[in-house]
Amino acid sequence: MEQQKKKILLIPGWWPCRFFMDPSMLMSDIYDTYVLKGDCSVYPLKKAYKYFKSYIRTTDEQHIIDVHLCWLRYKTQWAQNKQNRKLENLIGAAVKQLMGGRLPDLVSIQSLSDISPFVVGWAHRNGIKVIMTEHQLHFRILSDPFSALKYSVYRKVDKLLCVSNYLYRNLLINGFGIEKATVIGNLVDDIEFDESKLSTNRNLNKIVFVTGHPHSKDLHILYQVALLLRDNTDIEIDVIGMDENTIGSDGKPVGWYVRELQITNLHLLGHQSHDELLKSYSQYGLLLSTSRSETFGISVAEAILNGLPVVCTDNGGCHEFVNESNGIITGIREPQQIYEAILQVRENIKAGKYDSAAISKKIREKYGRKAYRERLIPIYEQYTR
């Protein structure tokens, strides 16, 4: 008789849930994954109206359901606890609808979200363990009562996973997860990887810069680096993930700076699908990252997977996989240093110092699907019912 699969309830953060489902799908032979998405509106009691209410939203996708919660700031702790229990019950109703009346064997929260406190409360009332994988630097000291409730999740979960030693140290510094935190790294998805894609004829005059969240990428440093390259070389920078209308951290469109500063060697290519991005790496000589804040550095790791050397700043998990064999790490907010590192990487490429196949193999062995599965399964087995 075939053994029945255990069931995982996945709670994604603010990124698209499909991004978070990929790691779970690695274990689809052992676990069935169900996804509960959601958000929460917060209102002071005096501004709340009767039509602001919590509800369940069905979706057309199988094994995915959505909830909207409404949280009011009551003055008494008794009223607040009563409301929290009510929202936990709504989470339970959504799970029941999603899973056909069954309970999950484990809850996996992928990055802190607004509904996390109520998911944890409901799960623990039903004897279900909760693990959380944190991908972001969320730590804040705020007086807002809902924020306090939200960030209390760090201490309430049964296991706290993080994607780099950098984030792990940040957790400890902020007093989170001292006894229950574990570093698992990030998934560098190599399912579509083919070693024939490793380019041996790189265009050394083309650099790729990848961003999904421009506010952490330190674009002003990118502009300065581009200007240094414009004045001294024939190097062009292609920016994937932004177009001229993308708003930077100062509220101005990126295209405005490109025109105002006459950065003629910086090209804004807009959004590309993940598959398109991976295919495009063979066109470039190297990948550049000027970020001031990363927790892992997935675009850097994916470039290395595709045999591309990198120049990146000293933050996040990059120290765990970027070294002299595959690139150069520079200081944060150091445009001259970044510029010089780009020139040095180009010279290293010309001298044959980077073995594309070797650097690709090394990062696959550390962060590829097989390695990620081997790290995650023992944790799931420990905490499933």
Side-chain angles (χ1 to χ4, degrees), residues 188-190 192-212 214 217-219 221-230 232-243 246 254 258 263-291 294 297-313 318 321-330 335 337-364:
V188 181
D189 198 349
D190 54 350
E192 300 292 340
F193 180 77
D194 183 344
E195 290 188 355
S196 65
K197 296 177 182 177
L198 298 179
S199 175
T200 57
N201 297 308
R202 299 189 185 95
N203 186 341
L204 299 187
N205 286 334
K206 292 187 69 175
I207 293 175
V208 61
F209 181 96
V210 179
T211 177
K217 301 301 181 181
D218 223 337
L219 298 183
I221 299 301
L222 172 64
Y223 304 149
Q224 293 179 53
V225 172
L227 289 170
L228 287 168
L229 293 170
R230 183 201 65 181
N232 299 289
T233 72
D234 295 325
I235 296 175
E236 307 278 322
I237 302 176
D238 284 351
V239 180
I240 298 174
M242 295 190 301
D243 58 30
T246 300
V254 176
V258 173
I263 313 177
T264 54
N265 59 339
L266 189 68
H267 311 293
L268 305 172
L269 304 186
H271 175 74
Q272 290 185 5
S273 70
H274 190 240
D275 289 343
E276 290 173 330
L277 172 62
L278 296 182
K279 291 175 182 177
S280 71
Y281 281 133
S282 61
Q283 305 172 31
Y284 298 99
L286 63 96
L287 176 134
L288 169 65
S289 173
T290 60
S291 295
E294 296 276 359
I298 190 66
S299 63
V300 177
E302 288 183 335
I304 296 171
L305 174 68
N306 285 272
L308 203 62
V310 301
V311 172
C312 62
T313 47
C318 293
F321 54 85
V322 177
N323 51 54
E324 66 279 357
S325 73
N326 55 29
I328 296 176
I329 297 176
T330 73
Q337 193 179 127
I338 295 169
Y339 164 74
E340 292 172 0
I342 290 171
L343 300 184
Q344 183 61 60
V345 167
R346 292 172 83 241
E347 291 303 314
N348 291 348
I349 294 172
K350 293 176 183 178
K353 292 187 177 181
Y354 300 125
D355 184 333
S356 295
I359 65 177
S360 176
K361 179 181 178 182
K362 191 168 184 179
I363 205 155
R364 288 183 76 188

Side-chain heavy-atom pair R230, L227 within 4.5 angstrom cut-off: yes
Close side-chain approach of N232 and Y339, heavy atoms under 4.5 Å: yes
S291 backbone acceptor or donor facing T313 side chain under 3.5 Å: yes
Taking only distance into account, with no hydrogens and no angle test, what donor-acceptor pairs under 3.5 Å do side-chain atoms of residues 341-348 form with protein atoms, sequence neighbours excluded?
{"unit_1": "Q344", "atom_1": "NE2", "unit_2": "N348", "atom_2": "OD1", "d": "2.9"}
{"unit_1": "R346", "atom_1": "NE", "unit_2": "L204", "atom_2": "O", "d": "2.9"}
{"unit_1": "R346", "atom_1": "NH2", "unit_2": "N205", "atom_2": "OD1", "d": "2.7"}
{"unit_1": "N348", "atom_1": "ND2", "unit_2": "Y354", "atom_2": "OH", "d": "2.9"}

Nearest-0.5 Å distance, CG of residue L222 to CG of residue D218: 9.0 Å
Close side-chain approach of T290 and F209, heavy atoms under 4.5 Å: yes
Flag, side chain of S360 to backbone of S356, donor-acceptor distance under 3.5 Å: no
Any E302 side-chain heavy atom under 4.5 Å of L287 side chain: no
Derivation and outcome, side-chain contact (heavy atoms from CB on, under 4.5 Å), residues Y281 and V210: CA-CA 11 Å; Y281 281 133; V210 179; 4.0 Å; yes
Over 12 non-hydrogen atoms of neighbours within 6.0 angstrom of NZ in K206: yes
Flag side-chain contact, heavy atom, 4.5 Å: L278 against L305: no
Non-hydrogen side-chain atoms of I207 and V311 separated by less than 4.5 Å: no
E294 vs C318 side-chain heavy atoms within contact, under 4.5 Å: no
With K353 via salt bridge (Lys or Arg N to Asp or Glu O under 4.0 Å) - residues at least two apart: none
Side-chain donor-acceptor pair present, S325, N323, cut-off under 3.5 Å: yes
Student check: side-chain heavy atoms of P309 and N326 closer than 4.5 Å: no
